[in-house]
Amino acid sequence: MKVRDLAKWNPWWKGIGESCEHFRRRYNYSFLSFRSFQAKENVIIRGPRQVGKTETMIRSIPNFVKAGIPPENITYISCDRLGGLNELRNTVRELDSVMKFQEGEKVLLLDEITSIKNWELAMKEFCEATSFKVLATGSRPKELEKKAEYFPGRAEIINFYPLSFHEFCSFFFHSMLKGSISLPGCKIERKEKWEKLVRFAEKLGISLTLASKLLDELRAIKVGLSNLKEAVNLYKYFEVFDSLFQIYLKSCLLYTSPSPRDRG
């Protein structure tokens with residue numbers, strides 16, 4: 001793949017404002033999960049599929065821009081669409097030769113890098129021999145654990161798991177309060193999806209005022225047994241959390257249901 005072919009995956013090269021429609025699709029959901037991570041160095045996000053790795057990676061792009069990284073210096077590559085290790089290596093080498101003379105920090109986002117055989121060789125090379133900060137995702141946690149020996153001092157490994165109930169409730173209330181999203185040079189209106197969520201929440205007895213209050217309460221609770229006493233103080237909202245827990249359980253069942261391939 002040539003650098004010019006990457007433009008379709010990287011519309012923000014023309015500016016965040018020019019790629020507003022692309023980001024709108026990323027936020028066009030009733031329920032929004034806002035996971036985040038601190039990436040001072042190279043990072044590998046590992047975890048099963050459908051836990052938000054790709055969404056977190058893409059939504060980190062406006063944050064990089066806010067931090068002063070030029071959008072044209074941020075490159076996303078979907079590794080599971082490449083032909084293998086050599087194509088990945090050649091693509092990144094050409095990209096590095098084009099970008100290394102540009103001013104500012106450079107970021108390389110490698111989505112589903114573990115879909116490529118011997119991916120760890122390429123990741124090690126990119127961390128050591130390119131001008132990029134590298135952020136990668138992988139959906140094979142056990143394999144990543146075995147390959148971890150390649151990355152001491154080169155990349156930090158961050159684990160992503162399915163949402164906990166605490167996270168689920170926090171993001172549910174957060175989504176109710178986010179009728180729009182402000183990005184650098186771009187404001188995304190979520191009116192239709194937001195109104196749908198608010199109507200649904202009202203049937204559960206959750207108003208916007210209550211959502212704001214409960215979100216503050218949840219943010220004040222640090223997850224862990226030592227903070228169980230603080231969590232118990234939410235008993236007066238038992239009916240609300242019980243309703244959300246039933247939804248959470250259904251979501252977990254959908255997530256853990258075997259695919260046709262798994263059923264054999």
Side-chain angles (χ1 to χ4, degrees), residues 24-38 45-60 63 137-142 144 157-181 188-263:
R24 189 193 69 79
R25 293 196 298 270
R26 292 289 178 178
Y27 291 96
N28 194 25
Y29 302 100
S30 297
F31 180 88
L32 293 175
S33 60
F34 284 86
R35 285 182 160 177
S36 61
F37 59 94
Q38 300 296 323
I45 303 174
R46 67 178 179 184
R49 291 185 180 274
Q50 302 300 316
V51 295
K53 300 186 302 298
T54 299
E55 291 300 317
T56 299
M57 175 178 277
I58 295 297
R59 291 177 186 174
S60 70
N63 293 331
T137 70
S139 295
R140 299 176 182 175
K142 290 185 178 179
L144 267 164
I157 298 178
I158 298 176
N159 295 310
F160 262 37
Y161 302 106
L163 295 180
S164 67
F165 183 57
H166 182 279
E167 289 176 312
F168 177 84
C169 292
S170 297
F171 295 150
F172 186 94
F173 299 139
H174 181 86
S175 301
M176 287 183 63
L177 302 173
K178 277 291 183 180
S180 63
I181 307 291
I188 300 170
E189 298 292 342
R190 299 181 57 244
K191 187 174 188 301
E192 182 181 348
K193 299 293 186 181
W194 175 76
E195 289 180 347
K196 180 180 179 181
L197 179 62
V198 170
R199 288 195 299 269
F200 176 77
E202 286 176 345
K203 293 178 181 179
L204 302 177
I206 308 172
S207 65
L208 290 174
T209 302
L210 181 57
S212 179
K213 176 179 175 57
L214 291 178
L215 182 58
D216 288 340
E217 295 270 5
L218 289 174
R219 284 173 172 168
I221 297 173
K222 296 180 180 179
V223 179
L225 292 177
S226 61
N227 296 285
L228 187 58
K229 184 178 179 180
E230 297 176 40
V232 170
N233 290 332
L234 294 174
Y235 72 92
K236 50 179 148 314
Y237 304 110
F238 175 80
E239 291 185 357
V240 169
F241 286 106
D242 183 54
S243 297
L244 290 178
F245 189 63
Q246 301 310 312
I247 299 170
Y248 174 73
L249 287 179
K250 290 179 181 178
S251 301
C252 291
L253 288 174
L254 287 173
Y255 174 79
T256 56
S257 295
S259 66
R261 181 184 299 176
D262 294 330
R263 296 188 190 108

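Computed over heavy atoms, backbone and side chain alike; hydrogens, waters and symmetry mates excluded. Index from 1, following the sequence.
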| field | Partner of Met176 by side-chain contact (heavy atoms from CB on, under 4.5 Å), out of Leu208, Leu214, Leu32, Leu210 | value | Leu208
| said: Within the structure provided, determine whether Thr54 and Arg26 are in side-chain contact (heavy-atom separation under 4.5 Å). | reply: yes
| Atom OG of Ser251 and atom CZ of Phe165: how far apart are they, to the nearest 0.5 Å? | 10.5 Å
| message | Determine whether a donor-acceptor pair (N or O, by modelled atom type, separation under 3.5 Å) exists between the side chain of Arg190 and the backbone of Ile181. | response | no
| request: Say whether, by atom type as modelled, one donor and one acceptor occur between the side chain of His166 and the main chain of Leu218 under 3.5 angstrom. | output: yes
| Does any N or O in the side chain of Glu55 come within less than 3.5 Å of the main-chain N or O of Gly52, such that one atom is a donor and the other an acceptor? | no
| remark: Rounded to the nearest 0.5 angstrom, the NE2-CZ distance for His174 and Phe31 is 10.0 Å
| request: Mark yes or no for whether Ser60, through its side chain, and Met57, through its backbone, hold a donor-acceptor pair below 3.5 Å. | output: yes
| said: What's the separation between atom CZ in Arg46 and atom OG1 in Thr137, rounded to the nearest 0.5 Å? | reply: 13.5 Å
| note | CG of Leu197 to OG of Ser175, rounded to nearest 0.5 Å, is 6.0 Å
| task | Starting from the C-alpha separation in whole Å, work towards a yes-or-no answer on side-chain contact (heavy atoms from CB on, under 4.5 Å) for Glu189 and Trp194. | result | CA-CA 9 Å; Glu189 298 292 342; Trp194 175 76; over 6 Å; no
| Roughly how far, to the nearest 0.5 Å, is OG1 of Thr209 from CG of Leu177? | 9.5 Å
| message | For Ile45, is there any backbone N or O sitting under 3.5 Å from a side-chain donor or acceptor partner on Lys53? | response | no
| said: Nearest 0.5 Å, please: how far is CZ in Phe172 from OH in Tyr248? | reply: 15.0 Å
| field | Trace of the salt bridge (Lys or Arg N to Asp or Glu O under 4.0 Å) decision for Glu217 with Lys213 | value | CA-CA 6 Å; Glu217 295 270 5; Lys213 176 179 175 57; 3.7 Å; yes
| Centroid-centroid under 6.0 Å between Phe245 and Phe168 rings | no
| Note, Arg219 side chain near Leu215 side chain (heavy atom, < 4.5 Å) | yes
| Full working for side-chain contact (heavy atoms from CB on, under 4.5 Å) between Leu244 and Tyr237 | CA-CA 11 Å; Leu244 290 178; Tyr237 304 110; over 6 Å; no
| query | Is there side-chain contact between Phe200 and Ile206, with at least one heavy-atom pair below 4.5 Å? | reply | no
